[in-house]
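What follows is a short report on a single structure.
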Amino acid sequence: MFQVKNLNLIYDVDKEEKVCAVNDVTLTLPDTGLIGIIGPSGSGKSSLMYCLSTLKTPTDGSIVYNGTDYRDMARGELECLRREQFGFVFQHHFLIGYMNVMDNVMVAAKETTAETRERAKELLMGLRIKETEFKKKPKQLSGGQRQRCAIARALINTPKVLFADEPTASLDHENAFRVMQYLKEYAKEHLVLVITHDHSILEGADRVIEI
Ligand code: ADP
Ligand code: MG
């Protein structure tokens with residue numbers, strides 16, 4: 001569970017032209033559910049997600065995750081938290097070019113057991129990537145397949161929290177809908193935060209935060 005209080009993120013604090021990307025945000029997020037964060041381009045959605053996921057340090061304010069304030073955690077502890085409990089889908093897929101689909105998912109796995117391989121297979125197939133495509137390299141895939149492969153990679157360790165920044169941006173409507181159905185199912189037992197500027201993909205969300 002997240003408790004965010006008076007959160008601010010200012011870029012270029014030391015420069016003349018400061019950018020206040022996150023402005024005094026206070027909110028509470030539950031342990032499970034699909035939460036949408038919606039707003040126009042430049043409204044600070046990604047910046048808020050970077051703070052919540054420890055990728056950026058806020059300029060001011062506090063984020064308490066399961067009872068611990070990020071400010072009280074050492075860098076190594078934050079790294080552990082990210083690795084053990086968080087999953088990430090970014091706007092860009094960031095797949096590794098020389099690895100095939102299966103290896104791109106497995107490279108993020110904590111263990112490389114037969115069970116993990118089975119889980120990778122299930123995830124990929126659940127996201128509609130066929131077994132015949134497992135050996136393909138990212139450049140042999142469509143934009144949508146790459147993004148779905150990145151989603152499978154983000155879920156391989158069954159993260160407690162999935163941070164997804166515009167996960168459906170490169171998908172057609174049908175695939176976007178399927179991915180959202182999949183995330184909705186995952187959100188029954190985990191927290192899924194989806195950033196978007198498209199209202200239509202958040203129809204099934206438990207809560208929508210507008211910024
Ligand atoms: P969104 O994800 O909603 O499009 P962002 O969080 O990316 O918004 O950006 C919010 C604001 O912060 C924008 O005005 C953007 O130009 C600015 N910004 C984002 N990243 C940086 C950065 N690294 N340095 C300076 N300004 C930034
Ligand atoms: Mg963004």
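Between L124 and V105 there is a side-chain heavy-atom pair separated by less than 4.5 Å. At least one side-chain heavy atom of M106 sits less than 4.5 Å from a side-chain heavy atom of T112. No side-chain heavy atom of M99 sits less than 4.5 Å from a side-chain heavy atom of K137. Counting only heavy atoms from C-beta outward, the side chains of V25 and N6 never approach each other to under 4.5 Å. Between V4 and T26 the shortest side-chain heavy-atom distance does not fall below 4.5 Å. Residues T57 and Y70 form no side-chain contact, since every pair of their non-hydrogen atoms from C-beta on lies 4.5 Å or further apart. Residues M1 and L29 fail the side-chain proximity criterion, which asks for heavy atoms closer than 4.5 Å. Residues M49 and I37 are not in side-chain contact: their nearest non-hydrogen atoms beyond the backbone lie 4.5 Å or more apart.
Side chain of N104 to backbone of N100: a donor-acceptor contact under 3.5 angstrom is found. Checking side-chain atoms of Q147 against main-chain N and O of F90 turns up a donor-acceptor pair under 3.5 Å.
One side chain, D165 or S46, offers a donor N or O that lies under 3.5 Å from an acceptor on the other. With hydrogens and angles left out, the side-chain atoms of D198 and S200 include a donor and acceptor closer than 3.5 Å. Looking at R119 and T158, their side chains do bring a donor and an acceptor atom within 3.5 Å of each other. Y11 and S47 share a side-chain donor-acceptor pair at under 3.5 Å.
In the hydrophobic cluster analysis, where Ile, Leu, Val, Met, Phe, Trp and Tyr join through side-chain heavy atoms closer than 4.5 angstrom, F86 is grouped apart from V194. Hydrophobic clustering (side-chain heavy atoms under 4.5 Å, transitive across Ile, Leu, Val, Met, Phe, Trp, Tyr) keeps F88 apart from L34. Cluster annotation: F163 and I195 are assigned to the same hydrophobic cluster (Ile/Leu/Val/Met/Phe/Trp/Tyr, side-chain heavy-atom contacts under 4.5 Å, transitive). Hydrophobic clustering, with ILVMFWY side chains joined whenever heavy atoms are under 4.5 angstrom apart, keeps V64 apart from L191. L162 and I63 fall into different hydrophobic clusters, where Ile, Leu, Val, Met, Phe, Trp and Tyr are joined by side-chain heavy atoms under 4.5 Å apart, directly or via other members.
With a 6.0 Å radius and a threshold of 12 heavy atoms from other residues, nucleotides or ligands, E189 has its CD atom at or below the threshold. The neighbour count for K5 NZ, taken as heavy atoms of other residues, nucleotides or ligands under 6.0 Å away, does not exceed 12.
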Check the pair N8 / V22 against side chain to side chain contact (heavy atoms under 4.5 Å, CB included), numbers first and verdict last.
CA-CA 5 Å; N8 287 282; V22 179; 5.8 Å; no

Determine, step by step, whether T168 and M180 satisfy the side chain to side chain contact (heavy atoms under 4.5 Å, CB included) criterion, reporting the C-alpha distance in whole Å, the side-chain angles of both residues, the deciding distance to 0.1 Å, and the verdict.
CA-CA 8 Å; T168 60; M180 289 312 293; 4.0 Å; yes

Residue pair E131, M125: steps toward the side chain to side chain contact (heavy atoms under 4.5 Å, CB included) verdict:
CA-CA 7 Å; E131 246 182 305; M125 286 171 58; 4.2 Å; yes

Show the numbers, then the answer: is there a side chain to side chain contact (heavy atoms under 4.5 Å, CB included) between V161 and Q85?
CA-CA 6 Å; V161 186; Q85 302 199 29; 5.8 Å; no

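Ion pairing between K184 and D206 holds under the 4.0 Å rule for side-chain N and carboxylate O. We find that R75 and E79 are joined by a salt bridge, their nearest charged nitrogen and carboxylate oxygen being less than 4.0 Å apart.
F2 and Y65 have tilted rings, their planes meeting at an angle from 30° to 60° on a 0 to 90° scale. Ring planes of F94 and H92: perpendicular class, angle over 60° (limits at 30 and 60°). Using cut-offs of 30° and 60° on the angle between ring planes, the pair H190 and Y186 is parallel.
Here the shortest heavy-atom pairing between D103 and R117 reads OD1-NH2, 4.0 Å. Shown here for V192 and L183, the closest heavy-atom pair between the two residues is CG2-O, 3.9 Å. Minimum heavy-atom separation, Q145 to E133: NE2-OE2, 3.1 Å. T54 and L78 get closest at one heavy-atom pair: CG2-CD2, 3.8 Å. Closest of all the heavy-atom pairs between N157 and K110 is OD1-N, 2.9 Å. Across every non-hydrogen atom of L123 and A152, the tightest pair is CD1-O, 3.5 Å.
Note: K45 NZ to Y50 OH = 11.0 Å, rounded to the nearest 0.5 Å. Interatomic distance, CZ of R128 versus OH of Y182, reported as 11.5 Å (0.5 Å rounding). Atom OG1 of T196 is separated from atom CG of L193 by 13.0 Å, given to the nearest 0.5 angstrom. Here the NE2 atom belonging to H173 is positioned 9.5 Å from the CD1 atom belonging to I201, to the nearest 0.5 angstrom. Here CG of L7 is found 8.5 Å from OG1 of T59. Values are rounded to the nearest 0.5 Å. Separation of atoms NZ (K136) and CD1 (I129) is listed at 10.5 Å; rounding is to 0.5 Å.
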